[in-house]
J.: 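Here it is: the structure, laid out below.
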Amino acid sequence: FLQLYAQNPTLRALASELNNNRRQHYLLSGISGAAQTFVYALLLQYHKKTMLMVEDDADAALYRTRDAVEAGVEAILLTER
C-alpha cells in the first residue's frame, strides 16, 4: 500500500516540504481510517523524523497506534488516563 501512497503528488509535495528542516505544523484533513496511518508511515519512511499524531478519541488513538505498529512504524500511545 505504501507504494500507492508514494505516487500521490500531494503527499510527494508534503514529503519534499518536510525536507527543508524548518519546524512547521501541518494539518492533514480529508484522510480517514487506516489511510492516516499509511500517510504517517510513508512520511516516516522518507524522513525518519519524529512526528506527532493527535486523535480526539482514545479508541481512535489506540487503533491508529496498532495500525502504525503493524505497518512497521515505531509508535507510542500517550493518554491522559
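All figures in this text were calculated on a predicted structure; none of them were measured in a lab.
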J.: Is there a chain of hydrophobic side chains (I, L, V, M, F, W, Y, each step under 4.5 Å between heavy atoms) that links Ile31 to Leu14?
T.: yes
J.: If you take all heavy atoms of Ala60 and Glu55, which pair is closest and at what distance?
T.: CB-OE1, 3.6 Å
J.: Only counting residues at least two apart or in another chain, list the ones meeting salt bridge (Lys or Arg N to Asp or Glu O under 4.0 Å) with Arg12.
T.: none
J.: What is the distance from atom OG1 of Thr65 to atom CD of Glu70, rounded to the nearest 0.5 Å?
T.: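 Nearest 0.5 Å value for the OG1-CD distance: 11.0 Å.
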J.: To check you understand the geometry: which heavy-atom pair defines the closest contact between Thr10 and Asn8, and what is its length?
T.: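 Answer, listing the atom of Thr10 first, then Asn8: N-OD1, 2.8 Å.
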